[in-house]
Amino acid sequence: MVTEFILVGFSTFPRHLLPAFFLLYLLMYLFTLLGNLLIMATVWSERSLHTPMYLFLCALSTSEILFTVAVTPRMLVDMLFTHRTITWAACASQMFFSFTFGFTHSFLLMIMGYDRYVAICHPLRYNVLMSPRGCAHLVSWFWVGGSVMGIMLTLIVFHLTFCGSNVIHHFACHVLSLLKLACGKETSSVTLAVILVCVSALMGCLFLIVLSYVFIVAAILRIPSAEGRHKTFSTCVSHLTVVIVHYGFASIIYLKPKGPHSMDSNTLMATTYTVFTPFLSPIIFSLRNKELKNAIKKSFQRKFSPLSS
């Protein structure tokens, strides 16, 4: 029975490029942590941001921080060293956290789309449908749901027997790369079940987000003034941009046609998706959300104005 795995995602990567990519990914990793922590601190300190939308944003920032911490540090270490083994337990833990925070991230993007739908299409009922207590319960249930799916899928995968090679052709314990190492009659059915669960959950979230924006666009088009339409749609831009980035990058990675792609290009795309997507989110929300951007400016002015006076 396999007790440890060897990660070879970076084994064929040009050695002279690894230091440059290590520094780039390290800076993006640190910015992801600091950017999301800044958003959370700003929402916590500004009473004007104590609304359901920013509660969901704080939960989204938390999921991005935890996902990044679960995957990126190990990836950065492997970029520096040639000995890239990971124990069976560590591999299972990494897969569980990746599933949990990945699913939770998608659930939160979905409910943020619903929040925008209620705010624009049913503004008079917003305080009833999106009460703070109800939204807090929703966030809790999404975290529970993500954790349950993470546990379930991780147990299913690691219940299989790994009796052949222990070499994972990825920089992390990626589920599809790991399933290729399993042996036994049930391997193909488990692989199909895992793919169906992941695709159904993620595409279901995307479908509900798209459905929300269909109603949102229809409501915006009924607004008589161009200024009113622009002002209303601007409240959705940051969320919509993050959704496009999140699902767009995922589509490029997982739905690209099979062809003579080198392992280097696959590794580069996978690492870029893992690091770059969480890196972009705080930038998008900080720059495209006017209310949050002004709150961050006010927070900095309160902190540093005494020093300048």
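Atom set for the values below is all heavy atoms of this structure, side chains included, hydrogens, waters and symmetry mates excluded.
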Nearest heavy atoms of [X] and [Y], plus distance in Å:
X: Q94; Y: C173; value: OE1-N, 2.8 Å
X: F99; Y: G150; value: CB-CA, 3.7 Å
X: V167; Y: L181; value: O-CD2, 3.3 Å
X: C121; Y: A219; value: SG-CB, 3.8 Å
X: P52; Y: C135; value: CB-SG, 3.5 Å
X: T232; Y: T235; value: O-OG1, 2.6 Å

When you group the ILVMFWY residues by side-chain heavy-atom contacts below 4.5 Å and let the links chain together, are [Y] and [X] in the same group?
X: V237; Y: I284; result: yes
X: F279; Y: L23; result: no
X: Y25; Y: L34; result: no
X: L27; Y: F67; result: no
X: V217; Y: I223; result: no

Hey, could you give me the [atom1]/[atom2] distance between [X] and [Y], rounded to the nearest 0.5 Å?
X: H230; Y: I220; atom1: NE2; atom2: CD1; answer: 11.0 Å
X: F233; Y: R229; atom1: CZ; atom2: CZ; answer: 12.5 Å
X: E186; Y: L192; atom1: CD; atom2: CG; answer: 14.0 Å
X: I151; Y: T100; atom1: CD1; atom2: OG1; answer: 6.5 Å
X: L179; Y: I168; atom1: CG; atom2: CD1; answer: 10.5 Å
X: L202; Y: H105; atom1: CG; atom2: NE2; answer: 11.5 Å

Heavy atoms, side chains only, cut-off 4.5 Å: are [X] and [Y] in contact?
X: S61; Y: F285; result: no
X: F101; Y: E64; result: no
X: V197; Y: L153; result: yes
X: T51; Y: L55; result: no
X: M130; Y: F56; result: yes
X: I195; Y: L176; result: yes
X: L49; Y: L57; result: no
X: M152; Y: F96; result: no

Item to check | M149 vs F107, side-chain contact (heavy atoms from CB on, under 4.5 Å): CA-CA, chis, key distance, verdict | outcome: CA-CA 12 Å; M149 294 188 72; F107 295 157; 3.7 Å; yes

Next on the checklist: Between E291 and Y54, is there a side-chain donor-acceptor contact under 3.5 Å, judged purely by atom types and distance?
Outcome noted: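 Yes.
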
Got a donor-acceptor contact below 3.5 angstrom from the [X] side chain to the [Y] backbone?
X: T72; Y: V69; answer: no
X: S45; Y: T42; answer: yes
X: H239; Y: L109; answer: yes
X: N36; Y: I65; answer: no
X: E4; Y: T85; answer: no

Checklist entry - Are Y213 and L240 close enough, and set up right, to give a side-chain contact (heavy atoms from CB on, under 4.5 Å), and what steps lead you there? => result CA-CA 9 Å; Y213 275 100; L240 187 58; 3.9 Å; yes

Next on the checklist: Would you call the rings of Y117 and Y114 parallel, tilted or perpendicular, taking 30° and 60° as the class edges?
Outcome noted: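 Correct class here is tilted.
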
Checklist entry - Is atom NE2 of H50 surrounded by more than 12 heavy atoms (other residues, nucleotides or ligands) closer than 6.0 Å? => result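 Yes, enclosed.
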
Item to check | F22 atom CZ, neighbour heavy-atom count above 12 within 6.0 Å | outcome: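 Counting other residues, nucleotides and ligands, CZ of F22 exceeds 12 neighbours.
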
Next on the checklist: Test side-chain contact (heavy atoms from CB on, under 4.5 Å) on S281 and L60; report intermediate values, then the result.
Outcome noted: CA-CA 9 Å; S281 290; L60 190 74; 5.5 Å; no

Item to check | Trace of the side-chain contact (heavy atoms from CB on, under 4.5 Å) decision for L7 with C91 | outcome: CA-CA 10 Å; L7 304 172; C91 188; over 6 Å; no

Checklist entry - When the ring centroid of F103 is compared with that of F142, is the distance short of 6.0 Å? => result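 F103 vs F142: aromatic centres not under 6.0 Å.
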
